[in-house]
Amino acid sequence: MDDAWAVLRNTTPARIGLGRAGNSLPTRRVLEFNAAHAAARDAVHEPLDVDCLTEQISNVGHGVPVRVHSRAASRDEYLRRPDLGRIPADLSALPTTGADIGIVLADGLSPRALTEHAAGMVVALVREFNGRYRVAPPVIATQARVGIGDHIGQVLGVTTVLVLIGERPGLSVADSLGIYLTHLPAPGRTDADRNCISNIHPPDGLDYHTAAVTVAALVAGARKLSRSGVTLKDTSRTELVAGGALNVESPGAGRWPAIVSRVPHR
């Protein structure tokens, strides 16, 4: 029998048109759901291999990453106390750089996302910045949430901080990376002061180059406005289309980052 949902299922990871077996789902669909749920739980609890990430990022340049830890003493405490994940335990190892850009690599709710995508994303960012900005040595933050970047960015003395963080796993993606941009970072910044590029996980999600182009456009806009957040809008797609770098008729043209001005569920 023809499956009328097959074409639509090929366009989305959402669970649609799963069929029925009596009053329930088919056994195959139930097992797929259970496997996806297990993968999401594993991604949350999987510890970040800091030594491996340090080696990967060190090869990119801009110095050996500095390591910091939040005030959450364990993964369990991190999950129960989001507030502790936003506050660093000790920042005495951080240099004061006065650089334009600070990059924080935070494990967040999916350390796997950093393991899979951080190095490639940092390479794309550095390439896109193309020497226009001075970049501080990267910082690896564990048991960390987005807000920890405000403290790190202030101590580094950077103009804009980029927090690359593992996003909450879903039932279709367990290794999605997000980038949260805060201009003039300092403790006390609110979610309305940030911009986010989400869903970075090639080949099925946003690719590194597109994400880097978007970040660069937001950085330039933040420097022009002297602020980030709700008043800062992304113009990178318009500029790419106008310049012919993006073919809006191409099959992948609809895949564009979700740009939000607040940090959801952090």
Side-chain angles (χ1 to χ4, degrees), residues 12-15 35-50 53 56-57 70 72 75 78-86 102-125 138-150 152-153 161-182 185 189-215 218 228-229 234 255-266:
T12 174
R15 287 177 164 76
H37 187 253
R41 289 176 60 90
D42 287 347
V44 170
H45 293 281
E46 181 179 297
L48 178 66
D49 188 336
V50 179
L53 181 60
Q56 290 177 344
I57 300 301
S70 77
R75 195 63 174 173
Y78 168 81
L79 295 173
R80 287 184 288 106
R81 293 285 306 275
D83 56 316
L84 296 181
R86 301 184 183 103
I103 297 177
V104 178
L105 309 170
D107 52 3
L109 289 167
S110 178
R112 183 181 304 171
L114 275 192
T115 301
E116 297 293 332
H117 305 299
M121 191 65 248
V122 171
V123 169
L125 286 171
V139 177
I140 297 176
T142 51
Q143 309 299 11
R145 295 182 184 265
V146 171
I148 202 170
D150 296 336
I152 294 172
V161 68
L162 305 175
V163 179
L164 281 60
I165 191 168
E167 298 182 308
R168 177 184 284 115
L171 293 176
S172 59
V173 180
D175 65 340
S176 182
L177 189 72
I179 302 178
Y180 293 80
L181 179 154
T182 307
R189 288 295 190 193
T190 69
D191 293 349
D193 296 317
R194 315 188 202 284
N195 295 83
C196 169
I197 301 93
S198 65
N199 198 39
I200 304 168
H201 57 97
D204 298 316
L206 190 67
D207 63 274
Y208 305 142
H209 171 68
T210 303
V213 169
T214 306
V215 170
L218 289 171
S228 55
D234 170 48
R255 180 182 296 160
W256 204 255
I259 309 295
V260 298
S261 57
R262 59 185 179 85
V263 181
H265 312 304
R266 294 297 175 196

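Numbers for residues simply follow the sequence, beginning at 1.
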Checklist entry - So do Leu53 and Gln56 actually touch side chain to side chain, heavy atoms under 4.5 Å? => result yes

Item to check | Derivation of the side-chain contact (heavy atoms from CB on, under 4.5 Å) call for Asp42 and Arg112 | outcome: CA-CA 9 Å; Asp42 287 347; Arg112 183 181 304 171; 3.9 Å; yes

Checklist outcome for this item: Scanning both residues in full, the closest heavy-atom pair of Ser110 with Ala174 reads OG-O, 2.7 Å

Next on the checklist: Are Arg75 and Asp107 packed together at the side-chain level, in the sense that at least one heavy-atom pair is separated by less than 4.5 angstrom?
Outcome noted: yes

Item to check | Flag side-chain contact, heavy atom, 4.5 Å: Ile140 against Leu48 | outcome: yes

Next on the checklist: Would you compute the distance between atom CG of Asp204 and atom CG of Asp175 and round it to the nearest 0.5 angstrom?
Outcome noted: 8.5 Å

Checklist entry - Where do Gly108 and Pro111 come nearest, in terms of heavy atoms and distance? => result O-CD, 4.2 Å

Item to check | Side chains of Ile165 and Tyr180 in contact at under 4.5 Å (non-hydrogen atoms) | outcome: yes

Item to check | Contact check, side chains of Val146 and Arg86, non-hydrogen atoms, under 4.5 Å | outcome: no

Checklist entry - Taking side chain as C-beta onward, heavy atoms only, is His117 less than 4.5 Å from Pro202? => result yes

Item to check | Nearest non-hydrogen partners of Ala113 and Ser176, listed with the distance | outcome: CB-O, 3.4 Å

Checklist entry - When rounded to the nearest 0.5 angstrom, what distance separates CD1 in Ile103 from CD1 in Ile179? => result 8.5 Å

Item to check | Heavy-atom closest contact (Leu79 atom, His45 atom, distance) | outcome: CD1-CE1, 3.5 Å

Item to check | Which atom of Val122 lies closest to which atom of Leu105, heavy atoms considered | outcome: CG2-CD2, 4.0 Å

Item to check | Audit row: Thr214, Leu206, side-chain contact (heavy atoms from CB on, under 4.5 Å) steps and yes/no | outcome: CA-CA 11 Å; Thr214 306; Leu206 190 67; 5.6 Å; no

Checklist entry - Roughly how far apart are Glu116 CD and Ile200 CD1, rounded to 0.5 Å? => result 14.5 Å

Next on the checklist: Would you say CZ of Arg41 has more than 12 non-hydrogen atoms from neighbouring residues, nucleotides or ligands within 6.0 angstrom?
Outcome noted: no

Checklist entry - Looking only at heavy atoms, which two atoms of Ala212 and Ala124 are closest? And how far apart? => result CB-O, 3.5 Å

Checklist entry - So do Tyr78 and Leu84 actually touch side chain to side chain, heavy atoms under 4.5 Å? => result no

Checklist entry - Stepwise, does the side-chain contact (heavy atoms from CB on, under 4.5 Å) test hold for Arg145 with Leu109? => result CA-CA 8 Å; Arg145 295 182 184 265; Leu109 289 167; 4.2 Å; yes

Item to check | Worked verdict on His201 versus Asn199 for side-chain contact (heavy atoms from CB on, under 4.5 Å) | outcome: CA-CA 6 Å; His201 57 97; Asn199 198 39; 2.8 Å; yes

Checklist entry - Is there a side-chain contact between Asp193 and Asp150, using heavy atoms and a 4.5 Å cut-off? => result no

Item to check | From CG (Asp49) to CG (Leu114), nearest 0.5 Å | outcome: 11.5 Å

